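Read through the structure below, which is laid out as C-alpha cells, and then see the notes.
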Amino acid sequence: MNRETVLTEALDLLDEVGLDAVSTRQLARRLGVEQPSLYYHFRNKRELLGAMSEAAMAPHATAPLPTPADDWRDWFRENTRSFRRTLLARRDGARLHAGSSPGGADLDRIAHKMAFLTAAGVPAEPARTAMLAAGRFTVGSVLEEQADTGHGDGTDRSAAVPPDLPPDVPPMDHESAFEAGLALILEGLEQQVRRAQHPDGTGRDR
C-alpha cells in the first residue's frame with residue numbers, strides 16, 4: 001500500500017460519503033488494513049485532508065500554463081473556469097479546498113501566471129487582486145452550488161437562488177451566476193488596464 005493508493009481510495013470515499021463522513025477508520029476498512037497503518041503515510045486526519053485537497057486539484061494544477069501568444073482576457077476566463085470545474089469534480093470539493101495554502105510547484109505556477117499578466121500589460125497590483133478575487137469568488141460560488149445540490153458534487157446545477165424570490169427578481173442558475181460574476185471581475189481588471197495605459201484619463205469609458 002503506497003501513498004497514491006491511499007489518496008485514490010480516500011477521494012473515492014469522499015465522493016461516496018461526503019467530507020463530514022470521511023474518517024481514517026472508514027478509510028482503513030476500505031483499504032483492508034488496520035487504522036495505524038495509515039499513519040505511516042499521514043500523521044493525522046488533517047494531513048490526510050491536505051493531501052486529498054492537493055490531489056483533487058491536480059486537473060487544474062497541471063493545466064497548460066499561459067504563453068505570450070495567449071490573450072490575457074481569454075486566459076483569465078479559462079483559468080477561473082478550470083478552477084471551478086476542478087472543484088466541482090469532487091463531492092464537497094470546495095469545502096475540501098477551502099483554507100488550503102499553495103506551496104512548491106503551485107507557487108511557481110502562480111508566479112508564472114502573474115508574470116504572464118504583467119507582460120501583457122496588466123498592472124501588477126490589480127492583477128494580484130483580481131486573481132485573488134476570482135479564486136475566492138470561485139470557491140464561494142462552488143460552496144453555494146454544492147450545498148444547494150444537497151450532495152456536494154455539483155451534479156444538480158439548478159437554481160442558484162431561492163424559489164420564493166419576489167416576482168421582479170429573475171432566477172439564475174449556478175453556472176450563469178458564476179459567469180456573470182466572473183465577467184464583472186474581468187471588466188474591473190480591464191478598467192485598471194485602461195487607466196494604466198491612459199493615466200491622463202483619456203482612456204476612460206464615457
Side-chain angles (χ1 to χ4, degrees), residues 50 52-90 92-148 153-155 157 160-161 170-206:
M52 289 171 61
S53 175
E54 183 178 351
M57 287 303 299
H60 180 66
T62 58
L65 288 166
T67 69
D70 293 327
D71 180 89
W72 73 265
R73 300 164 190 80
D74 293 339
W75 173 83
F76 190 93
R77 291 188 194 93
E78 177 52 30
N79 182 67
T80 312
R81 289 166 179 163
S82 168
F83 185 32
R84 176 177 180 264
R85 288 193 301 268
T86 301
L87 292 177
L88 284 169
R90 291 289 180 180
D92 293 328
R95 287 182 59 204
L96 178 66
H97 177 78
S100 63
S101 300
D106 291 331
L107 292 175
D108 292 338
R109 288 178 62 86
I110 291 171
H112 182 104
K113 293 174 181 181
M114 286 298 306
F116 163 74
L117 288 172
T118 55
V122 182
E125 190 58 34
R128 283 192 293 268
T129 301
M131 288 288 288
L132 180 62
R136 292 185 173 180
F137 164 69
T138 303
V139 172
S141 176
V142 175
L143 278 170
E144 291 288 345
E145 181 167 353
Q146 292 184 322
D148 187 56
D153 60 1
T155 53
R157 299 170 195 172
V161 292
M172 182 179 291
D173 63 89
H174 289 290
E175 186 167 3
S176 296
F178 169 79
E179 289 291 336
L182 174 57
L184 287 174
I185 294 172
L186 185 56
E187 181 181 342
L189 186 55
E190 288 176 323
Q191 289 181 0
Q192 293 295 321
V193 172
R194 288 194 291 271
R195 289 173 183 170
Q197 292 173 340
H198 304 278
D200 59 355
T202 57
R204 290 180 183 175
D205 295 335
R206 300 192 183 278

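Keep in mind that this is a model prediction, so the values were computed, not measured.
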Can you measure from [atom1] ([X]) to [atom2] ([Y]) and round to the nearest 0.5 angstrom?
{"X": "L186", "Y": "T80", "atom1": "CG", "atom2": "OG1", "result": "8.5 Å"}
{"X": "E175", "Y": "S141", "atom1": "CD", "atom2": "OG", "result": "10.0 Å"}
{"X": "L143", "Y": "D92", "atom1": "CG", "atom2": "CG", "result": "9.0 Å"}
{"X": "T129", "Y": "I185", "atom1": "OG1", "atom2": "CD1", "result": "11.5 Å"}
{"X": "L182", "Y": "E187", "atom1": "CG", "atom2": "CD", "result": "11.5 Å"}

Who pairs with [X] by side-chain contact (heavy atoms from CB on, under 4.5 Å), at least two apart in sequence or on another chain?
{"X": "P59", "value": "T86"}
{"X": "T67", "value": "A69, D70"}
{"X": "S176", "value": "M172, D173"}
{"X": "E78", "value": "R81, S82, R85"}

query: Of all residues at least two apart in sequence or in a different chain, which pass the ring pair (Phe, Tyr, Trp, His ring centres under 6.0 Å) check with W75?
result: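 Listed in chain order: F116.
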field: Under the ring pair (Phe, Tyr, Trp, His ring centres under 6.0 Å) test, residues paired with F83 that sit two or more places apart
entry: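 Partners of F83 under the ring pair (Phe, Tyr, Trp, His ring centres under 6.0 Å) test: H60, H97.
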Do you know which two heavy atoms are closest between [X] and [Y], and how far apart they sit?
{"X": "A134", "Y": "F76", "answer": "CB-CZ, 3.8 Å"}
{"X": "G93", "Y": "Q146", "answer": "N-OE1, 3.2 Å"}
{"X": "A127", "Y": "M114", "answer": "CB-CE, 3.7 Å"}

Side chains of [X] and [Y], heavy atoms from C-beta outward: is any pair under 4.5 Å?
{"X": "M131", "Y": "N79", "result": "yes"}
{"X": "R84", "Y": "F137", "result": "no"}
{"X": "R90", "Y": "M52", "result": "no"}
{"X": "V193", "Y": "P123", "result": "yes"}

query: For residues 119-144, which residue pairs qualify under salt bridge (charged side-chain N to carboxylate O under 4.0 Å, His left out), counting only residues two or more places apart or in two chains?
result: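 As it turns out, the salt bridge (charged side-chain N to carboxylate O under 4.0 Å, His left out) pairs with a partner in residues 119-144, which skip direct neighbours, are E125-R128.
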Salt bridge (charged side-chain N to carboxylate O under 4.0 Å, His left out) contacts in which one or both residues fall within residues 101-113, not counting sequence neighbours: none
field: salt bridge (Lys or Arg N to Asp or Glu O under 4.0 Å) against E54, all qualifying residues, sequence neighbours excluded
entry: none
query: Any donor and acceptor pair, going by atom type alone, linking the side chain of Q197 with main-chain N or O of G121 inside 3.5 Å?
result: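 No, because the side chain of Q197 does not come within donor-acceptor range (under 3.5 Å) of the backbone of G121.
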- request: Mark yes or no for whether H112, through its side chain, and P66, through its backbone, hold a donor-acceptor pair below 3.5 Å.
  value: yes
